[in-house]
Amino acid sequence: MGKVKREKILEILDGYDKENITIATLGSHTSLHILKGAKEEGFRTAVVCEKGREIPYQRFHVADEFIMVDKFSDIVNEDVQQKLRDLNSIVVPHGSFVAYAGLDNVEDKFNVPMFGNRDILRWEAERDLERKLITESGIRMPKKYENPDDIDRAVMVKFPGARGGRGYFVASTTEEYNSKIENMLERKWITPDDVEKAHIEEYVSGCNYCIHYFYSVLKDEVEVLGMDSRYESNIDGLCRIPAKDQLEADLNPSYVITGNHPAVIRESLLPQVFENGDNLVETARKLVKPGMNGPFCLQGLCTDNLEIVVFEMSARIDGGTNTFMDSSPYSYLLFGEPMSMGRRISREIKNGINQGKLDVLIT
Ligand code: ADP
């Protein structure tokens with residue numbers, strides 16, 4: 001629990017005019033459909049926008065208010081927080097919001113009501129906490145290797161920091177690992193400190209599914225709203241070269257996300273999809289009280305044994321929800337009307353206001 005106290009947030013929320021709530025977020029990541037969805041649910045919208053990045057929000061007409069800042073991280077500045085509170089804002093956190101504002105700042109000095117469980121954000125950011133939450137839910141994760149000497153099959157090596165999938169590599173033996181590390185050190189792509197902190201896990205051969213869930217606290221129900229798979233550079237480009245040419249080209253793979261494809265999974269796998277979501281919500285209830293609240297995403301690989309192996313989790317709206325700014329096949333099944341993850345968040349907030357339960361949705 002950070003220094004932002006729940007009592008303080010509830011006091012601010014208490015002072016809000018509930019007939020005039022603004023849904024606000026940082027202009028990046030999934031903000032277009034968060035704001036669009038908020039407008040569809042009848043809210044006023046505000047975007048905290050870095051100077052020079054305003055074009056999408058102007059051209060797609062999703063924001064009623066622009067709070068301009070020199071840099072994204074200024075969202076935690078006191079004057080920006082005050083503007084947000086003056087607008088009766090509920091802030092929807094997303095990946096870029098957490099990255100630019102900084103987790104410590106979100107926990108310790110962001111005194112604006114936010115949608116969801118603020119405390120769970122750390123659980124997706126720290127690999128060990130993330131692993132605990134996922135494995136204690138009975139969901140399979142790739143085996144983790146503590147020591148490169150133990151490598152006994154294909155592994156994926158990940159480095160820390162905000163470099164995305166840049167520099168991730170695959171190795172099958174300790175020797176291959178050592179030679180690739182040496183080469184990367186020589187080229188100064190990584191530092192000895194990166195090597196210390198390298199995360200080595202089993203390479204899972206399968207198809208990528210990132211599954212977007214919404215846990216409604218009001219309904220006590222886990223919804224599956226959509227799925228995507230990642231479009232990553234340069235690995236997805238490399239795969240278009242015949243194997244012989246790949247060897248000759250001597251290119252190094254990277255896994256930098258550049259976009260997403262919408263996906264659907266075999267219908268027979270849906271029981272597993274729901275079981276994973278339900279179990280994660282149950283475990284979060286015990287480990288990160290009061291638990292999950294709103295969107296989350298399990299990023300996994302489905303093997304030819306038809307097992308979904310989860311390598312990462314988002315405990316807030318995930319970027320892949322941009323694949324269904326209108327609807328996904330699954331959100332259509334549930335709602336029968338255009339329903340994005342952004343709109344689903346605002347629908348929950350609207351229901352919370354109508355039921356006099358907004359406080360349980362806010363952190
Ligand atoms: P980031 O933290 O940058 O999002 P990820 O851990 O999500 O990085 O991994 C980036 C990509 O690498 C994934 O989208 C997937 O394609 C691939 N990947 C990650 N972990 C594994 C794994 N254990 N086995 C196979 N591929 C993986």
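Ligands are counted one by one from 1 in listed order, and the atoms in each one are counted from 1 as well.
- The number of heavy atoms from other shown groups lying within 6.0 Å of CZ (Arg240) does not exceed 12.
- The NZ atom of Lys36 sits 14.5 Å away from the CD1 atom of Ile34 when rounded to the nearest 0.5 Å.
- Remark: side-chain polar atoms of Thr135 are paired, donor with acceptor, to backbone N or O of Arg131 under 3.5 angstrom.
- Counting heavy-atom neighbours within 6.0 Å of Lys109 NZ, excluding the residue itself, gives a total of 12 or less.
- For ligand 1, one of its N or O atoms has an N or O atom of Glu201 under 3.5 Å away.
- We find that Lys180 and Glu176 are joined by a salt bridge, their nearest charged nitrogen and carboxylate oxygen being less than 4.0 Å apart.
- Less than 4.0 angstrom separates some heavy atom of Glu202 from each of these atoms of ligand 1: 22 (C), 23 (N), 24 (N).
- In this structure, Asn208 has no heavy atom closer than 4.0 Å to ligand 1.
- The N/O atoms of Tyr168, backbone and side chain alike, include one that comes under 3.5 Å of an N/O atom in ligand 1.
- Residue nearest to atom 18 (N) of ligand 1, selected from Met156, Glu312, Lys158: Met156 (by heavy-atom distance).
- On a distance-only criterion, Pro142 and ligand 1 share no N/O pair closer than 3.5 Å.
- Neither the backbone nor the side chain of Val309 has a heavy atom within less than 4.0 Å of ligand 1.
- More than 12 non-hydrogen atoms from other residues, nucleotides or ligands lie less than 6.0 angstrom from CD of Glu248.
- For Gln355, the side-chain contact (heavy atoms from CB on, under 4.5 Å) criterion is met by Leu218, Asn351, Lys357, not counting sequence neighbours.
- Among the atoms of Glu232, some N or O lies under 3.5 angstrom from an N or O of ligand 1.
- Proximity of Phe311 to ligand 1, defined as any heavy-atom pair under 4.0 Å, is confined to the side chain (atoms from C-beta onward).
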